[in-house]
Amino acid sequence: MRSLIAEDYVTPEGEFVINMGPQHPSTHGVLHLKLWLNGETVNKVEPHLGYIHRSIEKMSENLSYRNFIFATSRMDYLAAHINNEACALTVEKGLGIEAPPRAKYVRTIISELTRLSSHQLWWGCTGLDLGAVTPFFYAFREREAIMEIMEETCGARLTQNYMVPGGLMVDIHPNFQKRVKEVLTLIKKNFNEYDEILTGNVIFENRTKEVGYLSKEDAISYGVTGPTARASGVSCDIRKWFPYSAYDQVQFNEILDTGGDCYARYMVRMHEMRESVSIIEQLIDNIPEGDYQTKTKAVLKLPKGEFYQRVETPRGELGVYIVSDGAASPYRIKYRSPGFSNLSALPVMAKGGKIGDLVAIMATIDLVIPDIDR
Amino acid sequence: MNIPLLYSLSGLARTIHIWLAGLISNEMLLLTTEMVIMGISLIAFLVLLCFFLGYMERRVAAFMEIRLGPNRVGPKGTLQIVADTVKLLLKEGLTPDLSDKFLFNLAPLIVVITSMLVIAPIAFAKDFQLWDINIGVLYVSSVSSIAVIGILMAGWASNNKYSLLGAMRSGAQIVSYELSVGLSLISIVILSGSLSLSDIVYSQSNGWWIFKGHIPIIISFVIFVVASTAEINRAPFDMAEADQELTGGFNTEYAGMKFAMFLLSEYINLFVVSAIAATIFLGGWMPFHIGGWESFNHIMDYIPSFFWFMGKTFFIIFIIMWFRWTFPRLRVDQLLSLEWKYLLPISMVNTILITVMAIMGWHF
Amino acid sequence: MTHEELKNTLTAILPSSSFDETGEFLTVIVPSEDLLPFMTELRSNTGLDFDYLFCLTCIDWKDHLMMVYHLMSKTHKHALVIKAKLTNREDPQIETVCHIWRTAEFHEREVFDLFGVKFINHPDLRRIFLDDDWDGFPLRKDYVDENMIEI
């Protein structure tokens with residue numbers, strides 16, 4: 001038997017080195033974290049990425065402006081619609097066209113449904129990561145209802161493709177409005193259960209309060225966005241700062257918290273779900289009649305130049321940066337994915353905490369690994 | 001003490017004893033034969049019990065999680081656990097190359113054997129227990145703490161960093177929570193004046209301790225349930241396994257039947273602590289009586305004592321399962337501070353209160 | 001600040017910079033050797049206060065590489081794009097900005113991984129997505145791989 005006290009176990013300073021991942025239940029995929037431990041205390045975290053790097057940016061350089069969008073559904077698979085919307089908006093910006101009002105409204109509704117379903121999955125996984133299995137099933141009850149709407153609308157449940165340059169791929173299903181309203185009623189009814197089973201639990205509060213603190217300065221400096229940054233008091237909601245689609249038509253609040261800890265991040269997302277419900281409620285009865293797509297040429301060619309579009313995904317700010325040389329496919333495309341920047345702040349948050357805290361932090365950052373690795 | 005109408009398994013045991021005594025004249029041989037029979041029937045009982053507990057856990061979990069649970073194998077999914085056992089039996093009992101093979105294979109046995117040993121002094125029904133040892137409470141608390149050696153052994157011998165962390169957590173946890181468990185057991189020992197479990201049961205013939213002993217006994221009952229949940233490494237105190245943190249902790253490297261041994265011991269431990277809680281606080285096999293209601297008490301007496309015991313035990317098992325499926329896990333430092341900062345001081349003060357109560361005769 | 005005000009301020013800081021206003025954001029092209037002092041000034045100047053680096057990337061223009069920094073100020077709510085040209089394709093080097101904006105640490109590692117730009121004084125310059133022994137820099141236009149397929 002090889003001795004446990006060997007170079008690869010313990011550093012000369014006496015730190016215990018363990019590898020968390022790439023196969024680990026709470027890294028939500030194939031993230032690999034190298035941890036330096038002092039007993040249970042985490043002294044240092046080093047993320048190792050790239051286990052599912054698919055080089056979507058390089059692939060897109062050879063795809064047409066209609067086709068490259070579909071690869072983005074595989075990036076942040078919990079917010080496929082929002083990724084597609086970002087790309088569609090960028091191409092529209094380049095072409096100088098706008099989607100018709102009907103498409104804008106439907107895009108906004110679908111985006112918010114996506115946000116709801118993503119946050120519900122996150123909520124379930126957060127419970128699971130903290131050792132409570134039951135919330136996961138509660139979350140999936142509502143998520144399933146949303147997934148059925150998605151399936152009816154665009155035929156897919158996970159890697160959805162619905163938003164194309166110029167508007168929507170097809171018109172909404174006749175049942176759409178009715179079913180969305182049903183889902184909203186169900187979700188509003190069940191929000192109380194969410195709070196009863198997890199939010200008010202004393203163990204949950206102890207596990208999340210004053211854990212994984214991220215200061216406002218650090219959040220901005222690390223480029224952290226989305227609910228993670230808003231929990232540290234950074235106003236960064238793209239829907240408010242740079243409204244796109246129909247977000248300028250609706251009333252909603254940007255949820256801000258100043259706690260900066262896991263509990264604040266949790267509460268921001270919980271309130272965001274309620275805001276999303278309110279946004280959909282404002283829009284669902286007012287979807288204007290008319291075209292769902294602007295007429296575009298068969299082969300799209302963007303003029304020479306650079307186009308940047310930001311959208312708010314459930315995880316934060318997704319930027320799509322297209323450099324065009326006038327050809328039928330992008331010259332260079334860069335996705336500024338929210339998860340990548342959010343992950344870079346993980347070492348600061350996790351330092352000095354316990355292993356259990358690290359798991360709680362990863363859960364509340366809401367990491368989606370394909371979004372990080374692209 | 002005279003409860004005439006209570007059915008009991010003791011008659012069956014006596015019949016077998018008389019029959020065997022007629023067959024075998026040598027006393028030593030008779031004792032050995034009886035012990036072998038007891039051992040085999042105990043193991044058979046425990047395995048069946050674990051099948052049932054496994055099924056119950058899945059059903060309870062499904063009930064908590066708004067889903068159906070096992071419903072494919074056998075009627076209402078009752079044979080699911082049999083299917084799982086067959087699967088575990090057929091799997092390769094892997095031993096990692098760099099592990100300490102002797103300790104690695106020994107650890108599951110130690111864990112299972114200790115949890116089986118604790119069964120000995122428990123009275124399943126009126127006058128029906130394997131060994132009416134006069135220091136039953138002491139025996140239970142001392143033998144059950146041997147299990148930590150098995151867990152530490154498993155964690156160390158696996159030669160896996162996660163296993164080692166899990167084992168270390170488990171060591172700290174079990175050693176700490178032993179204290180609270182011990183103190184809450186002692187509170188009843190003070191009141192009943194005996195360490196023998198059968199005496200403790202008989203001392204409750206005029207009312208269970210949880211009703212007789214005022215608030216201090218309720219406190220020590222709660223502490224016992226919480227601390228023993230921690231002692232048997234079940235969620236929300238499953239630090240040693242902690243799937244989401246340590247990928248399974250001390251049993252990460254175990255597979256097949258060796259892993260099933262840990263599972264078996266977990267369920268036996270669950271049964272044992274619930275049985276002890278039922279024996280000590282809820283009157284063991286004693287039926288539920290209300291003073292003055294003679295006819296009601298008579299009806300209660302007709303329910304066999306075995307069912308009383310099992311009913312109480314499964315009530316506590318259900319509560320512990322309820323914990324597991326609704327609570328998040330504690331963090332390791334919170335777990336220790338819960339014991340050392342809250343449970344232990346409370347149970348110390350509580351013990352003093354109960355002592356005063358016993359001296360002054362304030363209980364019923 | 002409006003584009004005009006920004007232009008005036010920036011010209012005062014670095015006279016050798018040139019501007020490009022065709023895109024959505026005001027674009028400044030600075031010589032790569034002047035980048036670090038220029039960036040430091042952008043962050044520390046209270047009138048500018050660019051505290052948020054929201055995108056950092058590189059473009060391969062076949063004859064040269066172009067570093068692109070997208071900056072925004074959370075306080076003044078203005079945005080700016082800074083570009084720095086790297087003419088040496090064999091050994092492109094530029095100063096790191098990761099002590100100004102911490103997010104640059106990961107983004108610069110990504111650019112190093114996929115374009116081969118070396119960031120001077122970067123604390124931990126390793127490949128981030130690809131294996132350490134990977135040959136070449138995939139996002140460059142002249143990258144070839146035996147597994148690549150013509151579409």
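Since this is a predicted model, take the numbers as computed values, not measurements. Labels below follow one simple rule: chain letters A, B, ... track the order of the sequence lines, proteins then strands, and each chain is numbered from 1.
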Legend entry - Contacting region of C/Asp113 [heavy-atom separation from chain A under 4.5 Å]: neither

Legend entry - Interface moiety of C/Arg127 toward chain A, non-hydrogen atoms closer than 4.5 Å: neither

Inset, instruction - Select one option (side chain, backbone, both, neither) describing which atoms of A/Ile372 are under 4.5 Å from chain C's heavy atoms. - result: backbone

Inset, instruction - Against chain A, label C/Cys58 side chain, backbone, both or neither, depending on which of its atoms sit under 4.5 Å from a heavy atom there. - result: backbone

Inset, instruction - Please state whether the side chain, the backbone, both or neither of C/Ile128 comes within less than 4.5 Å of a heavy atom of chain A. - result: both

Inset, instruction - Look up atom CG in A/Asn67 and atom CG in A/Asn62, then write down how far apart they are to the nearest 0.5 Å. - result: 11.5 Å

Legend entry - Structural part of C/Val81 lying under 4.5 Å from a heavy atom of chain A: neither

Inset, instruction - Return the orientation label for the C/Phe54 and C/Tyr52 ring planes: parallel under 30°, perpendicular over 60°, tilted otherwise. - result: tilted

Inset, instruction - Give, as side chain, backbone, both or neither, the part of C/Met66 having an atom under 4.5 angstrom from any heavy atom of chain A. - result: neither

Legend entry - Interface moiety of A/Glu61 toward chain C, non-hydrogen atoms closer than 4.5 Å: side chain

Inset, instruction - Please work out which of the three classes, parallel, tilted or perpendicular, describes the rings of A/Tyr244 and A/Tyr247, given edges at 30° and 60°. - result: perpendicular

Legend entry - Pairwise distance OG(A/Ser245) to NZ(A/Lys104) - rounded to 0.5 angstrom: 7.5 Å

Inset, instruction - Rounded to the nearest 0.5 Å, what's the gap from CZ on C/Phe50 to CE on C/Met72? Could you check? - result: 10.0 Å

Legend entry - Engaged part of A/Phe242 at the chain C interface, taking heavy atoms whose separation is under 4.5 Å: side chain

Inset, instruction - Answer yes when A/Lys240 and A/Glu312 have at least one side-chain N-carboxylate O distance shorter than 4.0 Å, and no when they do not. - result: no

Legend entry - Polar side-chain atom of A/Lys58 near backbone of C/Pro138 as donor-acceptor pair, under 3.5 Å: yes

Inset, instruction - Answer yes if the side chains of A/Asn84 and A/Ser73 hold a donor-acceptor pair under 3.5 Å, and no otherwise. - result: yes

Inset, instruction - Quick one: pull up CD1 in A/Ile322 and CD1 in A/Ile333 and give me the separation to the nearest 0.5 Å. - result: 4.0 Å

Legend entry - Contact class of A/Val224 relative to chain C, heavy atoms under 4.5 angstrom: neither

Inset, instruction - Can you check whether anything in residues 99-111 of chain C gets within less than 4.5 Å of chain A, heavy-atom wise, and list it by number? - result: C/Ile100, C/Trp101, C/Arg102, C/Thr103, C/Phe106, C/His107, C/Glu110

Inset, instruction - Decide, yes or no, whether a salt bridge links C/Arg140 with C/Asp142 under the criterion of side-chain N to carboxylate O below 4.0 Å. - result: no

Legend entry - Salt bridge present between C/Arg89 and C/Asp60 (N-O < 4.0 angstrom): yes

Inset, instruction - Side chain from CB out, backbone as N, CA, C, O: work out which of these in A/Tyr321 comes under 4.5 Å of a heavy atom of chain C, or both, or neither. - result: side chain

Inset, instruction - Rounded to the nearest 0.5 Å, what's the gap from CD1 on C/Ile94 to OH on C/Tyr69? Could you check? - result: 4.0 Å

Inset, instruction - With a 4.5 angstrom heavy-atom cut-off, could you sort out which part of C/Leu56 is near chain A: side chain, backbone, both or neither? - result: backbone

Legend entry - Portion of A/Ser235 that has a non-hydrogen atom of chain C nearer than 4.5 angstrom: backbone

Inset, instruction - Look at A/Tyr51, A/Tyr331, A/Trp241, A/Phe307 and state which one has the largest set of heavy-atom pairs under 4.5 Å with chain C. - result: A/Tyr331

Legend entry - Within residues 36-45 of chain C or reaching into it, pairs that qualify as salt bridge (charged side-chain N to carboxylate O under 4.0 Å, His left out) - sequence neighbours excluded: C/Arg43-C/Asp49

